[in-house]
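Below you'll find the structure, written out as structure tokens, and then a few comments.
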Amino acid sequence: MITFDQTKGTFHLSNGQISYVMQIEDGGNLAHIYYGKQLADYSGGYRYPRVDRSFSPNPPDSTDRLFSLDTLMMEFPGNGFGDFREAAYDIRHNDGSHVTHFVYQEHQIMQGKPSIAGLPQTHGEAEAIETLCLSLVDETAKVELKLFYSIFADTAAIVRSSQLINHHEAQVSIEQFASQSLDFPNRPLDLIHLHGAWARERQITREPIQIGTKRLDSKRGASSHQQNPFSIVADPQTTENQGECFGFSLLYSGSHETIIQRDPYQQTRVVMGINSYHFNWQLNHGEVFQAPEVVIAYSDQGLNQLSHVYHNFYDQHLIRGTYKNQERPILINNWEATYFDFNEDKLEQLVSEAKDLGIELFVLDDGWFGKREDDRTSLGDWVENEGKLASGLAGFANKVKDKGMQFGLWLEPEMMSGDSDLYRAHPEWRLEVPNRQPSLSRSQYVLDFSRQDVRDHIYRQLQDLFDRVPIDYIKWDMNRNMSDVYSLLLAPAQQGEVAHRYMLGLYDFLETLTTTYPHILFEGCSGGGGRFDAGFLYYMPQIWTSDNTDAIARLKIQYGTSLVYPPSTMGSHVSAVPNHQTHRNTDLSIRGHVAMSGLLGYELDLTQLSTEEKAVITEQISFYKKHRRLLQFGTFVRLLSPFDGNDTAWMYISKDQSEALVFYFRVLAEASAPFVTLKLQGLAAEKQYESDYGVIGGDELMQMGIYIDPHLAGDYVSQMIHFKVIE
Ligand code: GLA
């Protein structure tokens, strides 16, 4: 899949779907040539034109005034020696200079993919992967840059990461180090990205890329509700179903940045990696700095196809462990049912109702530990709240298990309340700047997870808990972002390392925890979807999509999330009305349809349900169980966007095309409304499908479509249609 043409100095990575081409240019400068649809072979005919661009310097070893790194399409651009555009790295040397000029030295083509120590990573069978490792050096500074490119036989994506190695006796300071940079030649392009806020995550914005620089980032120590570490660059004509697009998905859960720049010659550069804000890293002689991975997917058939690449890739080559490809249980979570106000009687009633409805897993949320009766206390004290549950935590968990249900628990291990035994014993374990009072958020501090002693203490508490209580599921929460980022154990010159060392510490913790307790299903959470990223999915196969459980708000949140993350990762619950976040009233039916579009759960007081409501829920649950594989692992296709108007639709197709489920949602009613038709996708054109609409050919369903029920009445309505092939 990877070839090197010695005479032309070109590298060509291809797998029948995509081609990625680079070239060693004059002076050993590594130029980017092409990324896109498969090329049979690369002739070498696309060499960068030679023109004297005034005020664009020529590399030091070149007398050719027609050659400048300021205009060349670069593979991993730097600055300080003549490229004035955005850089992928910035290294401060011992002498105070910032000039580093990497030139090609050697390369290696390997079968498989070398593993990256301490960071999340994609994986697969070595026979189906090839990796190119390019080594570039700056002889003066004695630093080496390694660029890794992996190509998987079955995937239209390139996985990239980068490494810096210091061979100089003196220390260097890394001020910025991206995971990847990708240059596009002059062509109009749109940028699509996922931004938001708490309870309004992953909203889609699309805008033309204009001359100048745009920065999409999180400085919060978490991938954040505000800006997901995922962007798309697309041809302006690209729609859901046609056109070229390129996705950039970073496997990192901390502060990140994506810099999109259009230069004076209309070339576009996309740089992505760890956020350089307040970042620096002291790299000593012989040390290596590894940047996180980025998955750069490609589609020439629109955004749906791009999402399929990510969904399949992440389901197969990112998620690990017991729950990879495994159907996930339907859960009841007591948070919106009781908040902190629960006792064993109340919970037992919930459990018993849940059991009768067919729910499989009971999750005890916040409030079971320390002296926690509200959100002001006890984080850090992971021992049970004595007396809150009459039979004790283990006793209660055993009761749940005796009923034939699984038992799950909420945790927020990276935090410490000001009012906690942990804080009283170790106030110095929080992130804080000496002699400065750190900021509180939700009355809590962030523990310094860059410290081994802090992690060991928390780990021991969790171990005791896990050994004592029969736990099948953990919801791992993080309810504030990092401020006052400073670690008392590190020297002043190293404080720029803390945010990343925190992530490395957290990843190390999660690696041990999730592999030591492989039977536990872990669900990530950060005030809902504040840390919904491909890095976290390496450790936890599912994530709570949003604290917003309103079915209508969820249409946009889940639609946006689906651009990159598969349905098998999206926690999605039916909750009570009026909805606790938006105060909206919606029917149980649409709430069910939206929630079963992800990993179905319930989060409401089941004891308050009417007989009719219980009947509806029983039906939803048995339907979901029957179609769970299709809904969690089927091919997901977006049909109508909630960002375009009143109608939303999506569908799931089984991998063998024998079945499909179509969901349609309408927000507001309209008098004399036009009929809505939906053209389905992904079916077998030559097969016949049976549904409420009768027996219809796959070709008809895809070319003509179906009419949505014109009798749907009122606001917030939905329709679900099941199609099954008849042999
Ligand atoms: C966060 C989570 C919620 C709930 C609360 C508990 O906000 O996203 O689902 O667990 O914490 O405090």
Side-chain angles (χ1 to χ4, degrees), residues 27-30 57 59-61 69 74-108 114 116-119 133-148 160-181 219 250 252 254-257 259 271-294 450 485-487 489-505:
N29 292 290
L30 189 64
D61 51 359
L69 304 183
M74 298 292 288
E75 197 53 42
F76 203 77
N79 55 23
F81 54 89
D83 185 349
F84 297 108
R85 294 169 294 177
E86 293 292 335
Y89 60 89
D90 178 7
I91 302 163
R92 188 162 52 77
H93 301 284
N94 196 30
D95 60 4
S97 69
H98 284 259
V99 180
T100 318
H101 182 186
F102 288 115
V103 295
Y104 169 82
Q105 189 183 47
E106 59 180 12
H107 72 269
Q108 211 190 329
I116 301 180
L119 282 168
C133 172
L134 281 159
S135 174
L136 294 91
V137 288
D138 181 316
E139 288 294 357
T140 311
K142 296 198 170 49
V143 269
E144 182 181 358
L145 168 69
K146 282 191 173 171
L147 300 177
F148 293 89
R160 286 184 60 177
S161 77
S162 51
Q163 259 182 21
L164 263 189
I165 307 156
N166 183 11
H167 297 294
H168 203 286
E169 311 78 64
Q171 189 183 67
V172 297
S173 174
I174 309 172
E175 312 282 299
Q176 180 208 354
F177 191 55
S179 296
Q180 75 85 35
S181 176
K219 300 182 180 73
L250 185 68
Y252 193 59
S255 299
H256 57 87
E257 67 187 4
I259 298 161
V271 180
M272 186 183 227
I274 293 177
N275 203 324
S276 52
Y277 169 83
H278 289 181
F279 171 84
N280 64 62
W281 192 276
Q282 309 304 302
L283 198 67
N284 294 311
H285 174 76
E287 286 180 350
V288 179
F289 183 83
Q290 170 71 50
E293 261 183 35
V294 179
S450 73
V485 179
Y486 194 99
S487 178
L489 289 194
L490 291 176
Q494 280 187 288
Q495 293 302 327
E497 301 177 9
V498 176
H500 183 55
R501 282 187 184 275
Y502 179 107
M503 293 315 303
L504 294 176

Sorted by chain and number, sequence neighbours left out, salt bridge (Lys or Arg N to Asp or Glu O under 4.0 Å) with Glu139 holds for none
If we only count heavy atoms from C-beta on, is the Lys142 to Thr140 side-chain gap below 4.5 Å? no
Rounded to the nearest 0.5 angstrom, the OH-CG distance for Tyr104 and Leu145 is 13.0 Å
Those residues at least two apart in sequence (or on a different chain) that pass side-chain hydrogen bond (donor to acceptor under 3.5 Å, both in side chains) with Glu175 are Ser173
CG (Leu69) and CG (Asn79) are apart, to the nearest 0.5 Å, by 11.5 Å
Residues passing the side-chain contact (heavy atoms from CB on, under 4.5 Å) test with Glu287, sequence neighbours excluded, are Leu283, Asn284
Is the His500 to Phe177 ring centre distance short of 6.0 Å? no
Ring pair (Phe, Tyr, Trp, His ring centres under 6.0 Å) filter on Phe102, not counting sequence neighbours, yields Tyr89
So CG of Leu134 and CG of Leu136: to nearest 0.5 Å the spacing works out to 6.0 Å
Sorted by chain and residue number, the side-chain contact (heavy atoms from CB on, under 4.5 Å) partners of Pro114 (sequence neighbours excluded) come out as Met110, Thr131, Phe148
request  = Just do the salt bridge (Lys or Arg N to Asp or Glu O under 4.0 Å) check on Lys146 and Glu106 with the steps written out, would you?
outcome  = CA-CA 10 Å; Lys146 282 191 173 171; Glu106 59 180 12; over 6 Å; no
Under 3.5 Å, is there a donor-acceptor pair between the Ser135 and Glu144 side chains?
yes
Between the NE2 atom in His93 and the OG1 atom in Thr100, the distance rounded to the nearest 0.5 Å is 3.0 Å
Sorted by chain and residue number, the ring pair (Phe, Tyr, Trp, His ring centres under 6.0 Å) partners of His101 (sequence neighbours excluded) come out as Phe81
| query | Should the pair Trp281 and Phe279 be assigned to parallel (<30°), tilted (30 to 60°) or perpendicular (>60°) ring geometry? | reply | parallel
Rounded to the nearest 0.5 Å, the NZ atom of Lys219 sits from the NE2 atom of His278 at a distance of 9.0 Å
Exercise. Do the side-chain N and O atoms of His98 and Asp90 include a donor-acceptor pair separated by under 3.5 angstrom?
Worked result: yes
Under a 3.5 Å threshold, yes or no: a donor from one side chain and an acceptor from the other, between Ser161 and Gln290? yes
Are Ser487 and Arg501 packed together at the side-chain level, in the sense that at least one heavy-atom pair is separated by less than 4.5 angstrom?
no
